[in-house]
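Each remark here refers to the structure printed beneath this line.
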There are 2 protein chains.
Amino acid sequence: MMTTPVVIVLNGVIVAVTDDRPRILTVKHPDDSLRVPEGADFGNGAAPDALPFGPLDPAADRTLELGLNGWVQEQTGIELGYVEQLYSFGDRNREPGVRQGGPRVISIAYLALVREEQLSVRGEANWRDWYEYFPWEDWLWRRPSMIDEQIAPALARWAKAATDTSLRSRRQERIEIAFGLEGAPWDQERVLERYELLYEAGLVAEQALDTIVARRERQESQKSSQGSFRQTKSSLLGRPMALDHRRILATALGRLRGKIKYRPVVFELLSPTFTLLQLQRVVEALAGVRLHKQNFRRLVEKGGLVEGTGQLDPKTGGRPAELFCFRREVLRERPAPGIGLPGALTK
Amino acid sequence: MMTTPVVIVLNGVIVAVTDDRPRILTVKHPDDSLRVPEGADFGNGAAPDALPFGPLDPAADRTLELGLNGWVQEQTGIELGYVEQLYSFGDRNREPGVRQGGPRVISIAYLALVREEQLSVRGEANWRDWYEYFPWEDWLWRRPSMIDEQIAPALARWAKAATDTSLRSRRQERIEIAFGLEGAPWDQERVLERYELLYEAGLVAEQALDTIVARRERQESQKSSQGSFRQTKSSLLGRPMALDHRRILATALGRLRGKIKYRPVVFELLSPTFTLLQLQRVVEALAGVRLHKQNFRRLVEKGGLVEGTGQLDPKTGGRPAELFCFRREVLRERPAPGIGLPGALTK
DNA sequence: GTTAGTTATACTCACTTTAAGCATAAGGAG
DNA sequence: CTCCTTATGCTTAAAGTGAGTATAACTAAC
């Protein structure tokens, strides 16, 4: 009996905030177009966006992070600053196209934060607004109307499609909690839960493709599982990505939204000195929520997270703002120094 | 050129709380004694404690969690309830004994919570108080004196041993933040940071062994790196574990301590109905801190996390307590329902 | 060079949440 | 009956939050 070989792939979610928008670095994934069946392409027939990725060289790379740094450097020319491990994905079905007989792929995903200056990238890499992939997560302007107009009805249909009563009510509960429906509050951190619901309900392109490929490979007939249905292409939500990369991205976004609340990671995305409004805009961009300005100031200043430098910001329209910098001492003073989203303006 | 094969190992940190003490499931790791050089054994010559572990079968196990469940079942007879992925460890040096030429081992660690009833285990498995491995984390009775008497002085020596000034002050800052020295507060979640400091400073048995083995394999002479020194065996802290399992355990402890604050995971460790004091004791056991009783009650009750059942607890010495149960609806009402350590009694 | 628009920053006020206690209730053991 | 134990209710001060109002300092337009 031949043993199935294992391959480790490292994925990087590389985040920056430019012009008050959170961006992630993407590349084109040429191999992945192989798995797209004829007639069911990614909108325009081009290779889909992918997160930067590379194999771990089990012989050469001493640590996982070094491996990551290495090919990110090569592929994009970017020097990573803050790096943290996100999650390891290893389900067999995660890459339906490479499933039978091939090696088992385990992908270990990392989150990296870089400063906005570093935006020049080389090669096929592109910075993309991460809300293109998750339009329902962007509450900066207002609560996205697509939640009520598209998502809620489609998910409700999916829940009802469950014949089993307890499954149906479990689905309903998940939907309400994840999307803040029926009076439940919106929790900005539940990004992954929301994406997975949409995936299960067949509302994202990846699910459609996975199903098609899986079915073709199994040579099975249309034994569709409970409540799985085909959406028309036009109703699929958000910009798709290759393989399960959008799931990885959702994990990253949720993790980052949580982390800013108890660790001073935002500063990894800012230049060493910044105005309070710039800081606020970055936090808002990540959290996807607008904040109350005065309370935000009070929180970060009185919280000891920043300190004034005395210098003023040269640019901007109105009264010049003071430049602040991260106050390192806060690490010694408070147990979990972060930015607790003061006054998230829900109205 | 031969390619180095990759092997995936799944590690489980299986936690229960019995008699108000947090316990983890351990097994004996027979293979690991191979790596112990003669004369430098784990205290009594026996095989060291290990976390339950097993290989991923890349061909058979459809998902990582299924693989985990499978051999946990086999090895220990325990049915896992709540399971969450912790972290993936893949540094080349993590297993010095199996280093040159052998396969690259990537270990993916999981945290699992079980109810205390399930304590009967079969085979070589044992439940152990997790504070045996991290005595400095147990502040239930009082601030452990070993922090001031052993840890602080030894770490201070280690910091001073750095010849480079900036390295020295970075070490000092890490020490103060991690162990709450020099006026910094104690952050119960920084379990891993503390363990890693002790490891780097050579204060845990694992470091000593890793160094011996690595040196023997490199056939190198005593080119000790900056500030790495040998401790006498008696001054090594806490009960050691095989390989890097104590590091994994530290990760689990820190993660769990954080998670109870924003997700209702404690209830996975309790029977479906419990008194408020039982709940409090479990939280205290995990957090390693004693809490203010009245405030704790107020928080969990007014916070909507629990609801009374009307029944009274038969046992206990004083006035009978009401039995409560987890109030599932809280998931729909609050964004991050957890237990915010009300009134951690620091005195 | 006054006016309007813009952004920054200071301060207020009502309201909620916490920390820490005090006090009372309800059982068991002797 | 008394003491000990645990449960549970209530109080009070301090701190923190949400949502403003007011003022300051600049730019651009007329």
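Below, read A as the first sequence line, B as the second, and so on, with proteins coming before strands; counting in each chain starts at 1.
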In whole angstrom, give the distance that lies between atom CG of B:Leu323 and atom P of C:dG27. 14 Å
Looking at residues at least two apart in the chain, or sitting in another chain, which of them share a side-chain contact (heavy atoms from CB on, under 4.5 Å) with B:Gln311? B:Thr309, B:Leu323
Separation of atom CG in B:Leu276 from atom C1' in C:dA26, rounded to whole Å: 16 Å
From CZ of B:Phe324 across to C1' of D:dT6 the rounded distance in Å is 14 Å
Using whole Å, report how far CG of A:Leu312 lies from P of C:dT6. 21 Å
Across all chains, not counting sequence neighbours, the side-chain contact (heavy atoms from CB on, under 4.5 Å) partners of A:Arg334 are A:Leu305, A:Val330, A:Pro337
Taking only residues two or more places apart in sequence, or in another chain, which ones meet B:Arg174 in a side-chain contact (heavy atoms from CB on, under 4.5 Å)? B:Trp158, B:Leu197, B:Glu200
Looking at B:Arg298 and C:dA19, is any side-chain donor or acceptor paired with a base atom of the opposite kind under 3.5 Å? yes
Give me each pair satisfying ring-ring contact (aromatic ring centres under 6.0 Å, His included) with a member in residues 250-272 of chain A, each pair once, sequence neighbours excluded. A:Phe267-A:Phe274, A:Phe267-A:Phe326
Considering every strand and a 4.0 Å limit on heavy-atom distances, what is the contact class for A:Leu277: base, sugar-phosphate, or nothing? sugar-phosphate
Atom CZ of B:Arg143: over 12 foreign heavy atoms under 6.0 Å: yes
Please give, in whole Å, the distance from D:dT17 P to A:Arg297 CZ? 17 Å
Parallel, tilted or perpendicular: rings of B:Tyr195 and B:Phe134 (30°, 60°): perpendicular
Residues which pass side-chain contact (heavy atoms from CB on, under 4.5 Å) with B:Pro185, listed by chain and number, not counting sequence neighbours: A:Pro335
Any N/O pairs under 3.5 Å between the protein and nucleotides 22-24 of chain C? List them or say none.
residue, atom, partner, partner atom, Å
C:dC22, N4, B:Gln294, NE2, 2.4

Nearest whole angstrom, please: distance from the C1' of C:dT17 to the CD of B:Glu301. 17 Å
Rounded off to whole Å, could you give me the NZ-to-P distance for the A:Lys293 and C:dT6 pair? 12 Å
Of the listed nucleotides (D:dA7, D:dG18, D:dG9), which one gets closest to any side-chain atom of A:Asn295? D:dG18
Whole angstrom value for the distance that separates C1' of C:dT7 from CZ of A:Phe296: 16 Å
